[in-house]
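None of the values given here were measured: they were computed from a predicted structure. Numbers here are sequence positions counted from 1.
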Amino acid sequence: MNTENRFNLDGIEKNRAKLEQAIVEAKKPLDRSSQKLAALTNLPWLIAGAAALLWYYLK
């Protein structure tokens with residue numbers, strides 16, 4: 001932004017519009033696919049625990 005538009009009402013309104021758009025974007029719900037991926041990281045531990053319990057039970 002050049003200095004002559006910096007203090008004009010047009011420049012201020014453009015910056016305010018950008019700020020309002022950023023606030024709206026920040027309030028949108030997050031993508032749920034990352035939560036599913038995080039849940040899959042626990043899967044090997046669950047499989048290992050089930051295998052250990054099964055081995056202990058059948059031993």
Side-chain angles (χ1 to χ4, degrees):
M1 175 183 290
N2 60 17
T3 56
E4 66 184 42
N5 286 339
R6 184 174 179 186
F7 298 108
N8 285 346
L9 290 179
D10 292 337
I12 293 171
E13 290 301 320
K14 286 179 185 177
N15 283 337
R16 185 172 288 152
K18 288 179 187 177
L19 180 62
E20 291 296 326
Q21 183 63 31
I23 290 171
V24 168
E25 291 293 325
K27 289 183 180 180
K28 288 185 179 178
L30 297 176
D31 185 19
R32 301 273 187 226
S33 63
S34 61
Q35 291 177 347
K36 292 177 183 176
L37 185 61
L40 284 177
T41 60
N42 293 326
L43 189 60
W45 288 105
L46 292 173
I47 292 171
L53 287 174
L54 187 61
W55 177 76
Y56 182 74
Y57 180 72
L58 294 176
K59 182 178 157 186

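- Linking ILVMFWY side-chain heavy atoms closer than 4.5 Å, directly or via other members, places Leu40 and Ile47 in a single hydrophobic cluster.
- One distance of note links CG of Leu53 with CG of Leu58; it measures 10.5 Å at 0.5 Å rounding.
- Glu13 places a side-chain heavy atom less than 4.5 Å from the side chain of Arg16.
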